[in-house]
Amino acid sequence: MLDMKYLRNNLQEITKKLEHRGEDLSDLDRFSDLDEKRRGLIVETEKLKSKRNEVSKKIPLLKKEGKDVQPVIAEMREVGDNIAELDQQLREIEEQLQQVMLSIPNIPHESVPVGEDEEDNVEVRKWGEISEFDFEVKPHWDLGTDLGILDFERAAKVTGSRFVFYKGLGARLERALWNFMMDYHAEHHGYEEMLPPYIVNRTSLTGTGQLPKFAEDAFHIEEWDYYLIPTAEVPVTNYHGQEILSEEDLPQKYVAYSGCFRSEAGSAGRDTRGLIRQHQFNKVELVQFVKPEDSYEALEQLTGHAEKILQLLKLPYRVMSMCTGDLGFTASKKYDIEVWVPNQNTYREISSCSNFEDFQARRASIRFRRGAKGKPEFVHTLNGSGLAIGRTIVAILENYQQEDGSIVVPEVLRPYMGGLKVIK
RNA sequence: GGAGGUAUACCCAAGUCUGGCUGAAGGGGUCGGUCUUGAAAACCGAAAGGGGUGUCAAAGCCCGCGGGGGUUCGAAUCCCUCUACCUCCUCCA
(Lines give C-alpha, C1' and ligand atoms only; values in the text may rest on other atoms or scores of the structure.)
Protein backbone atom coordinates (compact mmCIF):
# COMPACT_ATOMS: atom_id res chain seq x y z
CA MET A 1 0.00 0.00 0.00
CA LEU A 2 1.20 3.48 -0.82
CA ASP A 3 1.20 6.41 1.55
CA MET A 4 -2.06 8.27 1.04
CA LYS A 5 -0.59 11.70 1.64
CA TYR A 6 2.23 10.99 -0.74
CA LEU A 7 -0.20 9.75 -3.35
CA ARG A 8 -2.43 12.81 -2.88
CA ASN A 9 0.42 15.24 -3.36
CA ASN A 10 2.14 13.45 -6.23
CA LEU A 11 -0.70 11.87 -8.13
CA GLN A 12 0.51 12.76 -11.63
CA GLU A 13 4.04 11.65 -11.04
CA ILE A 14 3.04 8.38 -9.39
CA THR A 15 0.52 7.55 -12.09
CA LYS A 16 3.27 7.95 -14.61
CA LYS A 17 5.58 5.64 -12.71
CA LEU A 18 2.90 2.98 -12.45
CA GLU A 19 2.03 3.02 -16.11
CA HIS A 20 4.80 0.62 -17.09
CA ARG A 21 3.70 -1.95 -14.60
CA GLY A 22 1.17 -3.71 -16.69
CA GLU A 23 -1.27 -3.67 -13.79
CA ASP A 24 -4.85 -2.52 -13.87
CA LEU A 25 -4.80 1.11 -12.73
CA SER A 26 -8.51 1.85 -12.96
CA ASP A 27 -8.68 2.15 -9.17
CA LEU A 28 -6.25 5.03 -9.25
CA ASP A 29 -8.83 7.20 -10.97
CA ARG A 30 -11.22 6.87 -8.07
CA PHE A 31 -8.67 7.94 -5.51
CA SER A 32 -8.92 11.72 -5.65
CA ASP A 33 -12.67 11.77 -5.50
CA LEU A 34 -12.88 9.38 -2.54
CA ASP A 35 -10.02 11.08 -0.75
CA GLU A 36 -11.68 14.47 -1.01
CA LYS A 37 -15.04 13.15 0.10
CA ARG A 38 -13.45 11.43 3.02
CA ARG A 39 -11.67 14.48 4.31
CA GLY A 40 -14.73 16.66 3.81
CA LEU A 41 -16.82 14.29 5.89
CA ILE A 42 -14.19 14.12 8.60
CA VAL A 43 -14.08 17.88 8.96
CA GLU A 44 -17.86 18.03 9.12
CA THR A 45 -18.34 15.22 11.57
CA GLU A 46 -15.52 16.35 13.84
CA LYS A 47 -16.99 19.79 14.08
CA LEU A 48 -20.22 18.28 15.36
CA LYS A 49 -18.45 15.92 17.73
CA SER A 50 -16.52 18.79 19.18
CA LYS A 51 -19.76 20.62 19.85
CA ARG A 52 -21.35 17.55 21.36
CA ASN A 53 -18.43 17.04 23.71
CA GLU A 54 -18.52 20.63 24.80
CA VAL A 55 -22.24 20.72 25.52
CA SER A 56 -22.32 17.31 27.14
CA LYS A 57 -19.76 18.49 29.62
CA LYS A 58 -21.96 21.41 30.55
CA ILE A 59 -25.13 19.43 31.11
CA PRO A 60 -24.34 18.15 34.61
CA LEU A 61 -23.29 21.67 35.61
CA LEU A 62 -26.56 23.13 34.35
CA LYS A 63 -28.42 20.44 36.23
CA LYS A 64 -26.64 21.41 39.40
CA GLU A 65 -27.75 24.95 38.93
CA GLY A 66 -31.28 23.65 38.70
CA LYS A 67 -31.79 24.71 35.12
CA ASP A 68 -34.03 22.91 32.67
CA VAL A 69 -31.75 20.83 30.48
CA GLN A 70 -34.42 19.24 28.33
CA PRO A 71 -34.13 21.70 25.41
CA VAL A 72 -30.35 21.23 25.33
CA ILE A 73 -30.68 17.48 25.41
CA ALA A 74 -33.19 17.59 22.60
CA GLU A 75 -30.83 19.67 20.54
CA MET A 76 -27.94 17.36 21.21
CA ARG A 77 -30.03 14.37 20.28
CA GLU A 78 -30.41 15.92 16.87
CA VAL A 79 -26.68 16.59 16.66
CA GLY A 80 -26.09 12.97 17.60
CA ASP A 81 -28.35 11.73 14.84
CA ASN A 82 -26.52 13.97 12.44
CA ILE A 83 -23.18 12.55 13.52
CA ALA A 84 -24.41 9.00 13.16
CA GLU A 85 -25.51 9.68 9.64
CA LEU A 86 -22.25 11.34 8.63
CA ASP A 87 -20.24 8.60 10.30
CA GLN A 88 -22.14 6.03 8.31
CA GLN A 89 -21.32 7.84 5.09
CA LEU A 90 -17.73 8.18 6.17
CA ARG A 91 -17.48 4.48 6.89
CA GLU A 92 -18.71 3.63 3.42
CA ILE A 93 -16.29 6.04 1.78
CA GLU A 94 -13.39 4.76 3.85
CA GLU A 95 -14.22 1.19 2.96
CA GLN A 96 -14.11 2.07 -0.74
CA LEU A 97 -10.96 4.10 -0.32
CA GLN A 98 -9.31 1.23 1.49
CA GLN A 99 -10.13 -1.13 -1.36
CA VAL A 100 -8.65 1.37 -3.80
CA MET A 101 -5.49 1.75 -1.77
CA LEU A 102 -5.11 -2.03 -1.48
CA SER A 103 -5.41 -2.37 -5.23
CA ILE A 104 -2.72 0.10 -6.27
CA PRO A 105 0.60 -1.61 -7.02
CA ASN A 106 3.95 -0.62 -5.60
CA ILE A 107 6.12 2.00 -7.28
CA PRO A 108 9.14 0.59 -9.14
CA HIS A 109 12.57 1.70 -7.97
CA GLU A 110 14.44 3.98 -10.35
CA SER A 111 17.01 1.26 -11.05
CA VAL A 112 14.37 -1.11 -12.42
CA PRO A 113 14.53 -1.52 -16.20
CA VAL A 114 11.46 -0.25 -18.00
CA GLY A 115 9.77 -2.94 -20.04
CA GLU A 116 6.59 -4.77 -20.83
CA ASP A 117 7.08 -8.42 -20.03
CA GLU A 118 9.67 -11.07 -19.29
CA GLU A 119 11.30 -10.44 -22.67
CA ASP A 120 12.54 -7.13 -21.29
CA ASN A 121 14.10 -8.47 -18.11
CA VAL A 122 17.79 -7.73 -17.89
CA GLU A 123 20.47 -10.27 -17.15
CA VAL A 124 22.64 -8.99 -14.33
CA ARG A 125 25.16 -11.80 -14.11
CA LYS A 126 25.74 -15.43 -14.88
CA TRP A 127 27.53 -18.10 -12.85
CA GLY A 128 28.86 -21.56 -13.57
CA GLU A 129 29.67 -23.63 -16.60
CA ILE A 130 26.84 -25.33 -18.39
CA SER A 131 27.81 -28.97 -18.50
CA GLU A 132 28.11 -30.79 -21.80
CA PHE A 133 26.53 -34.22 -22.01
CA ASP A 134 27.76 -36.82 -24.47
CA PHE A 135 24.49 -38.71 -24.20
CA GLU A 136 20.88 -37.73 -24.51
CA VAL A 137 19.74 -35.99 -21.34
CA LYS A 138 16.54 -37.15 -19.71
CA PRO A 139 13.91 -34.98 -18.06
CA HIS A 140 13.87 -35.11 -14.29
CA TRP A 141 10.47 -36.78 -14.17
CA ASP A 142 11.79 -39.77 -16.10
CA LEU A 143 14.97 -39.88 -14.02
CA GLY A 144 13.03 -39.66 -10.78
CA THR A 145 10.39 -42.17 -11.79
CA ASP A 146 12.91 -44.68 -13.12
CA LEU A 147 14.97 -44.46 -9.93
CA GLY A 148 11.81 -44.94 -7.88
CA ILE A 149 12.41 -41.72 -5.94
CA LEU A 150 9.49 -39.73 -7.37
CA ASP A 151 5.96 -41.05 -7.89
CA PHE A 152 3.62 -38.80 -9.81
CA GLU A 153 1.10 -41.44 -10.77
CA ARG A 154 0.19 -42.50 -7.31
CA ALA A 155 -0.01 -38.87 -6.19
CA ALA A 156 -2.52 -38.30 -8.97
CA LYS A 157 -4.49 -41.26 -7.68
CA VAL A 158 -4.37 -40.19 -4.05
CA THR A 159 -4.95 -36.48 -4.63
CA GLY A 160 -4.92 -35.23 -8.20
CA SER A 161 -2.66 -33.67 -10.78
CA ARG A 162 0.29 -31.47 -9.76
CA PHE A 163 1.10 -33.48 -6.65
CA VAL A 164 3.94 -35.91 -6.02
CA PHE A 165 5.26 -38.50 -3.62
CA TYR A 166 8.95 -38.34 -2.79
CA LYS A 167 10.18 -41.80 -1.93
CA GLY A 168 13.28 -43.42 -0.51
CA LEU A 169 16.37 -41.48 -1.50
CA GLY A 170 14.17 -38.87 -3.16
CA ALA A 171 12.58 -38.10 0.18
CA ARG A 172 16.02 -38.19 1.72
CA LEU A 173 17.36 -35.79 -0.88
CA GLU A 174 14.54 -33.34 -0.30
CA ARG A 175 15.17 -33.48 3.44
CA ALA A 176 18.92 -33.14 2.92
CA LEU A 177 18.36 -30.03 0.86
CA TRP A 178 16.24 -28.18 3.33
CA ASN A 179 18.46 -29.12 6.20
CA PHE A 180 21.50 -27.96 4.28
CA MET A 181 19.88 -24.67 3.29
CA MET A 182 18.53 -23.91 6.74
CA ASP A 183 21.86 -24.73 8.35
CA TYR A 184 23.82 -22.66 5.91
CA HIS A 185 21.70 -19.52 6.13
CA ALA A 186 21.52 -19.75 9.90
CA GLU A 187 25.21 -20.41 10.42
CA HIS A 188 26.82 -18.32 7.71
CA HIS A 189 24.35 -15.61 6.77
CA GLY A 190 23.04 -14.64 10.18
CA TYR A 191 19.40 -15.64 9.85
CA GLU A 192 17.26 -16.89 12.70
CA GLU A 193 15.48 -20.15 11.99
CA MET A 194 11.73 -20.30 11.90
CA LEU A 195 9.06 -22.90 11.26
CA PRO A 196 5.85 -21.01 10.60
CA PRO A 197 2.19 -22.01 10.47
CA TYR A 198 1.12 -23.24 7.03
CA ILE A 199 -2.31 -21.71 7.42
CA VAL A 200 -2.95 -18.01 7.88
CA ASN A 201 -5.89 -15.67 8.13
CA ARG A 202 -7.15 -13.08 5.70
CA THR A 203 -5.42 -10.21 7.46
CA SER A 204 -2.01 -11.78 6.99
CA LEU A 205 -2.58 -12.50 3.33
CA THR A 206 -3.68 -8.90 2.86
CA GLY A 207 -0.63 -7.68 4.75
CA THR A 208 1.83 -9.21 2.32
CA GLY A 209 -0.28 -8.28 -0.71
CA GLN A 210 -1.74 -11.56 -1.99
CA LEU A 211 -5.20 -10.29 -1.10
CA PRO A 212 -7.49 -8.81 -2.21
CA LYS A 213 -6.29 -8.98 -5.81
CA PHE A 214 -4.95 -12.50 -6.11
CA ALA A 215 -7.46 -14.53 -4.16
CA GLU A 216 -7.80 -17.12 -6.88
CA ASP A 217 -4.15 -18.14 -6.56
CA ALA A 218 -4.52 -19.34 -2.99
CA PHE A 219 -6.15 -22.37 -1.41
CA HIS A 220 -8.97 -21.22 0.80
CA ILE A 221 -10.47 -22.99 3.79
CA GLU A 222 -13.91 -21.55 3.55
CA GLU A 223 -15.31 -22.72 6.82
CA TRP A 224 -12.66 -20.79 8.72
CA ASP A 225 -11.82 -18.14 6.18
CA TYR A 226 -8.23 -19.29 6.46
CA TYR A 227 -5.74 -19.78 3.64
CA LEU A 228 -2.94 -22.24 2.95
CA ILE A 229 0.24 -20.22 2.62
CA PRO A 230 1.62 -19.79 -0.90
CA THR A 231 5.02 -19.03 0.65
CA ALA A 232 6.53 -18.66 4.12
CA GLU A 233 6.85 -14.98 3.31
CA VAL A 234 3.26 -14.58 4.46
CA PRO A 235 3.47 -15.90 8.03
CA VAL A 236 7.02 -14.70 8.59
CA THR A 237 6.50 -11.13 7.36
CA ASN A 238 3.27 -10.87 9.31
CA TYR A 239 5.07 -12.22 12.37
CA HIS A 240 5.86 -8.59 13.20
CA GLY A 241 2.53 -7.24 11.98
CA GLN A 242 0.99 -4.45 14.10
CA GLU A 243 4.25 -4.09 15.98
CA ILE A 244 6.65 -1.26 16.64
CA LEU A 245 10.17 -2.63 16.71
CA SER A 246 13.04 -0.83 18.31
CA GLU A 247 15.96 0.32 16.26
CA GLU A 248 18.28 -2.30 17.72
CA ASP A 249 15.97 -5.05 16.46
CA LEU A 250 16.91 -4.14 12.89
CA PRO A 251 17.92 -5.69 10.68
CA GLN A 252 15.84 -8.69 11.67
CA LYS A 253 16.57 -11.71 9.48
CA TYR A 254 14.63 -14.97 9.44
CA VAL A 255 15.08 -18.14 7.45
CA ALA A 256 11.96 -20.26 7.33
CA TYR A 257 11.22 -23.68 5.97
CA SER A 258 7.67 -24.42 4.92
CA GLY A 259 5.36 -26.17 2.58
CA CYS A 260 3.83 -23.86 -0.01
CA PHE A 261 0.44 -24.24 -1.62
CA ARG A 262 -0.61 -22.64 -4.88
CA SER A 263 -3.69 -23.21 -6.95
CA GLU A 264 -1.78 -22.28 -10.12
CA ALA A 265 -4.95 -20.73 -11.47
CA GLY A 266 -4.21 -19.43 -14.93
CA SER A 267 -1.33 -21.84 -15.44
CA ALA A 268 -3.34 -24.72 -16.84
CA GLY A 269 -1.28 -26.42 -19.51
CA ARG A 270 2.04 -24.93 -18.37
CA ASP A 271 4.67 -27.29 -17.00
CA THR A 272 2.14 -30.04 -16.64
CA ARG A 273 4.81 -32.68 -16.12
CA GLY A 274 7.33 -32.92 -13.35
CA LEU A 275 8.18 -30.93 -10.28
CA ILE A 276 8.41 -27.44 -11.75
CA ARG A 277 4.83 -26.41 -11.10
CA GLN A 278 3.10 -28.26 -8.27
CA HIS A 279 0.18 -27.36 -6.06
CA GLN A 280 2.36 -28.16 -3.06
CA PHE A 281 6.10 -27.72 -2.70
CA ASN A 282 8.69 -27.02 -0.08
CA LYS A 283 10.75 -23.89 0.15
CA VAL A 284 13.33 -22.26 2.34
CA GLU A 285 12.54 -18.58 2.51
CA LEU A 286 14.68 -15.64 3.59
CA VAL A 287 12.87 -12.67 5.13
CA GLN A 288 14.39 -9.41 6.29
CA PHE A 289 13.10 -6.39 8.15
CA VAL A 290 15.43 -3.44 7.71
CA LYS A 291 15.68 0.32 8.08
CA PRO A 292 14.58 2.18 4.95
CA GLU A 293 18.03 3.48 4.15
CA ASP A 294 19.44 -0.04 4.18
CA SER A 295 16.99 -1.92 2.02
CA TYR A 296 18.72 -1.81 -1.35
CA GLU A 297 21.99 -2.90 0.14
CA ALA A 298 20.02 -5.67 1.86
CA LEU A 299 18.46 -6.78 -1.42
CA GLU A 300 21.89 -7.31 -2.93
CA GLN A 301 23.01 -9.28 0.11
CA LEU A 302 19.91 -11.38 0.26
CA THR A 303 20.17 -12.25 -3.42
CA GLY A 304 23.78 -13.20 -2.81
CA HIS A 305 22.71 -15.49 0.04
CA ALA A 306 20.40 -17.39 -2.29
CA GLU A 307 23.07 -17.53 -5.00
CA LYS A 308 25.54 -18.95 -2.54
CA ILE A 309 23.43 -22.08 -2.19
CA LEU A 310 23.50 -22.66 -5.94
CA GLN A 311 27.23 -22.07 -6.00
CA LEU A 312 27.76 -24.64 -3.27
CA LEU A 313 25.57 -27.08 -5.16
CA LYS A 314 27.57 -26.22 -8.28
CA LEU A 315 24.48 -25.49 -10.31
CA PRO A 316 24.81 -22.93 -13.14
CA TYR A 317 22.48 -19.96 -12.88
CA ARG A 318 21.88 -16.42 -13.98
CA VAL A 319 20.39 -13.44 -12.15
CA MET A 320 17.72 -11.43 -13.89
CA SER A 321 16.53 -7.97 -12.92
CA MET A 322 12.77 -7.90 -13.44
CA CYS A 323 11.54 -5.10 -15.66
CA THR A 324 8.65 -2.84 -14.66
CA GLY A 325 6.13 -5.01 -16.48
CA ASP A 326 7.27 -8.22 -14.78
CA LEU A 327 7.78 -6.93 -11.25
CA GLY A 328 4.59 -8.24 -9.80
CA PHE A 329 2.19 -6.24 -7.70
CA THR A 330 4.12 -5.75 -4.49
CA ALA A 331 7.82 -5.36 -5.28
CA SER A 332 9.78 -2.17 -5.84
CA LYS A 333 12.61 -4.19 -7.24
CA LYS A 334 13.03 -7.87 -7.88
CA TYR A 335 15.76 -10.25 -8.96
CA ASP A 336 14.91 -13.69 -10.20
CA ILE A 337 17.58 -16.32 -9.97
CA GLU A 338 17.24 -18.86 -12.73
CA VAL A 339 18.93 -22.23 -12.67
CA TRP A 340 20.04 -24.17 -15.71
CA VAL A 341 17.67 -26.99 -16.66
CA PRO A 342 19.41 -29.20 -19.27
CA ASN A 343 16.39 -31.02 -20.59
CA GLN A 344 14.66 -27.74 -21.34
CA ASN A 345 17.89 -26.21 -22.56
CA THR A 346 17.10 -23.04 -20.68
CA TYR A 347 17.21 -21.31 -17.32
CA ARG A 348 14.20 -21.64 -14.99
CA GLU A 349 13.31 -19.53 -11.98
CA ILE A 350 14.41 -21.08 -8.71
CA SER A 351 14.42 -18.01 -6.49
CA SER A 352 12.79 -14.63 -6.45
CA CYS A 353 14.33 -11.90 -4.31
CA SER A 354 12.37 -8.72 -3.71
CA ASN A 355 12.55 -5.43 -1.93
CA PHE A 356 9.06 -4.23 -1.06
CA GLU A 357 10.25 -1.05 0.59
CA ASP A 358 7.40 0.00 2.92
CA PHE A 359 4.62 -1.44 0.74
CA GLN A 360 4.01 -4.51 2.88
CA ALA A 361 5.00 -2.78 6.08
CA ARG A 362 2.25 -0.23 5.61
CA ARG A 363 -0.32 -2.91 4.87
CA ALA A 364 0.72 -5.05 7.81
CA SER A 365 1.65 -2.08 10.01
CA ILE A 366 5.23 -3.04 10.80
CA ARG A 367 7.11 -0.10 12.22
CA PHE A 368 10.18 0.80 14.20
CA ARG A 369 11.28 3.67 16.37
CA ARG A 370 14.64 5.39 16.17
CA GLY A 371 16.01 5.74 19.68
CA ALA A 372 13.59 5.97 22.59
CA LYS A 373 11.63 8.95 21.37
CA GLY A 374 11.52 8.73 17.60
CA LYS A 375 8.25 8.77 15.71
CA PRO A 376 7.33 5.30 14.50
CA GLU A 377 8.41 4.74 10.89
CA PHE A 378 7.61 1.88 8.57
CA VAL A 379 10.35 -0.70 8.12
CA HIS A 380 11.31 -2.02 4.73
CA THR A 381 10.64 -5.71 4.12
CA LEU A 382 12.46 -8.06 1.78
CA ASN A 383 12.31 -11.70 0.99
CA GLY A 384 13.70 -14.27 -1.34
CA SER A 385 13.67 -18.00 -1.83
CA GLY A 386 16.78 -19.58 -0.55
CA LEU A 387 15.77 -21.84 -2.43
CA ALA A 388 12.64 -23.49 -3.78
CA ILE A 389 13.43 -27.10 -2.97
CA GLY A 390 11.36 -28.89 -5.60
CA ARG A 391 13.00 -26.94 -8.36
CA THR A 392 16.41 -27.54 -6.80
CA ILE A 393 15.68 -31.24 -7.08
CA VAL A 394 14.86 -30.69 -10.75
CA ALA A 395 18.20 -28.98 -11.26
CA ILE A 396 20.15 -31.61 -9.37
CA LEU A 397 18.56 -34.56 -11.13
CA GLU A 398 19.04 -33.07 -14.55
CA ASN A 399 22.46 -31.48 -14.12
CA TYR A 400 23.97 -34.37 -12.16
CA GLN A 401 22.51 -37.18 -14.26
CA GLN A 402 24.77 -39.83 -15.75
CA GLU A 403 24.32 -41.92 -18.83
CA ASP A 404 22.96 -44.88 -16.88
CA GLY A 405 20.27 -42.72 -15.29
CA SER A 406 21.99 -42.51 -11.91
CA ILE A 407 22.47 -39.22 -10.12
CA VAL A 408 25.68 -37.98 -8.55
CA VAL A 409 24.96 -36.44 -5.16
CA PRO A 410 26.41 -32.90 -4.91
CA GLU A 411 29.30 -32.92 -2.49
CA VAL A 412 27.84 -30.51 0.03
CA LEU A 413 24.80 -32.73 0.42
CA ARG A 414 26.66 -35.96 1.08
CA PRO A 415 26.97 -35.40 4.84
CA TYR A 416 23.20 -35.02 4.84
CA MET A 417 22.78 -38.23 2.83
CA GLY A 418 24.74 -40.51 5.09
CA GLY A 419 27.80 -40.11 2.87
CA LEU A 420 26.00 -41.38 -0.24
CA LYS A 421 27.75 -40.41 -3.49
CA VAL A 422 25.38 -41.67 -6.15
CA ILE A 423 21.66 -42.33 -6.31
CA LYS A 424 21.10 -45.34 -8.52
C1' G B 1 -17.13 -30.02 23.21
C1' G B 2 -18.72 -28.33 28.79
C1' A B 3 -18.07 -24.55 33.07
C1' G B 4 -15.87 -20.19 34.72
C1' G B 5 -12.51 -16.03 34.32
C1' U B 6 -9.38 -12.17 32.03
C1' A B 7 -8.20 -8.18 28.25
C1' U B 8 -6.68 -0.52 30.33
C1' A B 9 -0.42 2.90 27.54
C1' C B 10 6.67 -0.17 27.04
C1' C B 11 5.47 -3.36 31.71
C1' C B 12 2.46 -3.75 36.27
C1' A B 13 -2.00 -1.73 37.74
C1' A B 14 -6.57 1.61 39.74
C1' G B 15 -11.13 2.93 37.68
C1' U B 16 -16.21 -0.91 35.59
C1' C B 17 -21.10 -2.69 40.50
C1' U B 18 -23.43 3.15 41.25
C1' G B 19 -22.19 6.53 33.13
C1' G B 20 -20.46 12.97 33.81
C1' C B 21 -14.04 17.89 36.74
C1' U B 22 -10.61 10.70 34.40
C1' G B 23 -8.17 16.59 30.42
C1' A B 24 -7.22 7.90 31.53
C1' A B 25 -4.90 7.69 38.80
C1' G B 26 -0.52 5.30 40.93
C1' G B 27 3.81 2.47 40.39
C1' G B 28 7.88 0.19 37.61
C1' G B 29 10.98 1.21 33.76
C1' U B 30 13.26 5.31 30.75
C1' C B 31 15.95 10.11 30.70
C1' G B 32 18.42 14.29 33.55
C1' G B 33 20.39 15.64 38.32
C1' U B 34 22.05 15.17 43.79
C1' C B 35 25.05 11.68 46.51
C1' U B 36 29.42 8.13 45.16
C1' U B 37 36.21 6.68 43.19
C1' G B 38 32.41 4.07 40.12
C1' A B 39 27.85 1.68 40.70
C1' A B 40 23.52 0.25 43.55
C1' A B 41 20.04 2.36 46.87
C1' A B 42 17.73 6.81 48.27
C1' C B 43 16.12 11.61 47.04
C1' C B 44 14.87 15.70 43.44
C1' G B 45 13.20 16.70 38.54
C1' A B 46 11.54 15.58 33.44
C1' A B 47 9.56 13.46 29.27
C1' A B 48 6.22 9.87 27.93
C1' G B 49 1.14 6.23 23.71
C1' G B 50 -0.96 5.48 18.81
C1' G B 51 -3.94 7.12 14.60
C1' G B 52 -6.68 10.93 11.94
C1' U B 53 -7.76 15.94 10.55
C1' G B 54 -5.59 20.55 9.95
C1' U B 55 -1.24 23.75 8.46
C1' C B 56 4.31 26.31 5.04
C1' A B 57 4.88 24.83 10.03
C1' A B 58 2.00 24.82 14.29
C1' A B 59 -1.96 25.50 17.54
C1' G B 60 -6.49 23.45 17.80
C1' C B 61 -9.92 19.60 17.14
C1' C B 62 -11.51 14.31 16.61
C1' C B 63 -10.75 9.07 17.67
C1' G B 64 -8.13 5.69 21.01
C1' C B 65 -9.15 1.50 27.62
C1' G B 66 -8.64 -6.33 23.02
C1' G B 67 -11.73 -5.76 17.72
C1' G B 68 -16.61 -4.41 15.73
C1' G B 69 -21.60 -2.68 16.50
C1' G B 70 -25.39 -0.42 19.79
C1' U B 71 -27.95 2.44 23.98
C1' U B 72 -27.34 7.64 25.82
C1' C B 73 -27.13 14.67 25.68
C1' G B 74 -22.62 11.99 27.48
C1' A B 75 -19.50 5.22 27.63
C1' A B 76 -13.08 2.53 29.98
C1' U B 77 -17.92 2.10 32.75
C1' C B 78 -24.43 -0.31 30.33
C1' C B 79 -26.09 -3.89 26.11
C1' C B 80 -24.91 -7.16 21.77
C1' U B 81 -21.17 -9.59 19.06
C1' C B 82 -16.30 -11.34 17.67
C1' U B 83 -11.23 -12.55 18.93
C1' A B 84 -7.13 -13.90 21.98
C1' C B 85 -5.43 -15.67 26.54
C1' C B 86 -6.00 -18.22 31.53
C1' U B 87 -8.20 -22.18 35.05
C1' C B 88 -10.96 -26.75 35.57
C1' C B 89 -13.44 -30.90 33.02
C1' U B 90 -13.82 -33.81 28.35
C1' C B 91 -11.26 -35.38 23.98
C1' C B 92 -6.73 -35.82 21.25
C1' A B 93 -1.21 -36.37 17.90
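A, B, ... follow the sequence lines: proteins, then strands. Residue 1 opens every chain. Not measured: the values here are computed from a predicted model.
Remark: aromatic rings of A:F261 and A:H279 are distant, center separation not under 6.0 Å. Residues A:Y257 and A:H185 keep their aromatic ring centres 6.0 Å or farther apart.
Atom P of nucleotide B:G50 and atom CD of A:E377 are separated by 12 Å, given to the nearest angstrom. Straight-line distance from the NZ atom of A:K57 to the P atom of B:C73: 18 Å, rounded to whole Å. Distance A:R8 CZ to B:G54 P: 6 Å, rounded to the nearest Å. What separates CG of A:D81 from C1' of B:G70 is a distance of 14 Å, to the nearest Å. Per the geometry, CG belonging to A:D87 stands 10 Å off C1' belonging to B:C62, to the nearest Å. As rounded to whole Å, 13 Å separates atom C1' of B:G67 from atom CG of A:N201. Remark: P of B:G50 and CZ of A:F368 are 14 Å apart, rounded to the nearest angstrom. Put simply, CG on A:D35 is 13 Å from P on B:G52, counting in whole angstrom units.
Comparing the P positions of B:U30 and B:A41 gives a spacing of 9 Å, expressed to the nearest Å. Comparing the same atom, C1', in B:A46 and in B:C56 gives a spacing of 31 Å after rounding to whole Å. Between B:C31 and B:A39, the two P atoms lie 13 Å apart (nearest whole Å). With P as the reference atom, B:G66 and B:A13 are 14 Å apart, rounded to whole Å. B:A9 sits 16 Å from B:G51 when the P atoms are compared, rounded to a whole Å. Here the separation of B:G64 from B:U87, taken at their C1' atoms, is 31 Å to the nearest Å. Taking atom P on both B:C92 and B:G1, the two are 16 Å apart, rounded to the nearest angstrom. B:G19 and B:G74 have their C1' atoms separated by 8 Å, given to the nearest Å.
Atom CD of A:Q98 sits about 4.5 Å away from atom CG of A:L102, to the nearest 0.5 Å.
For A:I59, the side-chain atoms get nearest to B:C73 when compared with the rest of B:G52, B:C73, B:C61. Nearest to the side chain of A:S56, among B:U53, B:C73, B:G69, sits B:C73. Of all nucleotides listed (B:G54, B:G51, B:G70), B:G70 comes nearest to the side chain of A:R91.
When the ring-ring contact (aromatic ring centres under 6.0 Å, His included) test is applied to A:F329, the partners found at least two apart in sequence or on another chain are A:F214, A:F359. A:F378 pairs by the ring-ring contact (aromatic ring centres under 6.0 Å, His included) definition with nothing, not counting sequence neighbours. Evaluation of the ring-ring contact (aromatic ring centres under 6.0 Å, His included) rule for A:H380 yields no partner, not counting sequence neighbours. Under the side chain to side chain donor-acceptor pair (under 3.5 Å) criterion, A:T330 pairs with no residue, sequence neighbours left out. In this structure A:E193 satisfies the salt bridge (charged side-chain N to carboxylate O under 4.0 Å, His left out) test with no other residue, sequence neighbours excluded.
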Would you mind writing out the side-chain donor-acceptor pairs for residues 142-150 of chain A within the sub-3.5 Å range, not counting sequence neighbours?
residue : atom : partner : partner atom : Å
A:T145  : OG1  : A:W141  : O            : 2.5

When you check every protein heavy atom under 4.0 Å of nucleotides 76-83 of chain B, what one-letter string (B, S, -) results, 5' to 3'?
--------

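Phosphate contact (OP1/OP2 of B:G50, side-chain N/O of A:R367, threshold under 4.0 Å): absent. An OP1 or OP2 oxygen of B:U53 is reached within less than 4.0 angstrom by a side-chain nitrogen or oxygen of A:K5. A:R77 has no side-chain polar atom (N or O) that falls below the 4.0 Å cut-off from OP1 or OP2 of B:G74.
Sorted by first then second residue, the salt bridge (charged side-chain N to carboxylate O under 4.0 Å, His left out) pairs that include residues 206-228 of chain A, not counting sequence neighbours, are A:R202-A:D225. For residues 41-53 of chain A, the salt bridge (charged side-chain N to carboxylate O under 4.0 Å, His left out) pairs, not counting sequence neighbours, are A:K49-A:D87, A:K51-A:E75. The ring pair (Phe, Tyr, Trp, His ring centres under 6.0 Å) contacts involving residues 46-89 of chain A comprise nothing, where partners must be two or more places apart or lie in separate chains.
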Pairwise N/O distances under 3.5 Å, protein to nucleotides 63-66 of chain B:
residue : atom : partner : partner atom : Å
B:C63   : OP2  : A:N53   : ND2          : 3.2

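Residue-to-nucleotide proximity on RNA chain B shows that, of A:T45 and A:M4, the 5′-proximal contact is made by A:M4. Both A:K51 and A:R39 sit near RNA chain B, but only A:R39 has its closest nucleotide nearer the 5' end.
Using modelled atom types, one finds no donor on one side chain facing an acceptor on the other under 3.5 Å when comparing A:Q360 with A:R363.
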Per-residue pairing states of RNA chain B in dot-bracket (Watson-Crick or G-U under 3.5 Å; . unpaired, | other strand) read ((((((((.[[[..)....(.....]]].(((((.......)))))...((((......))))..[[[[[..)....]]]]])))))))....

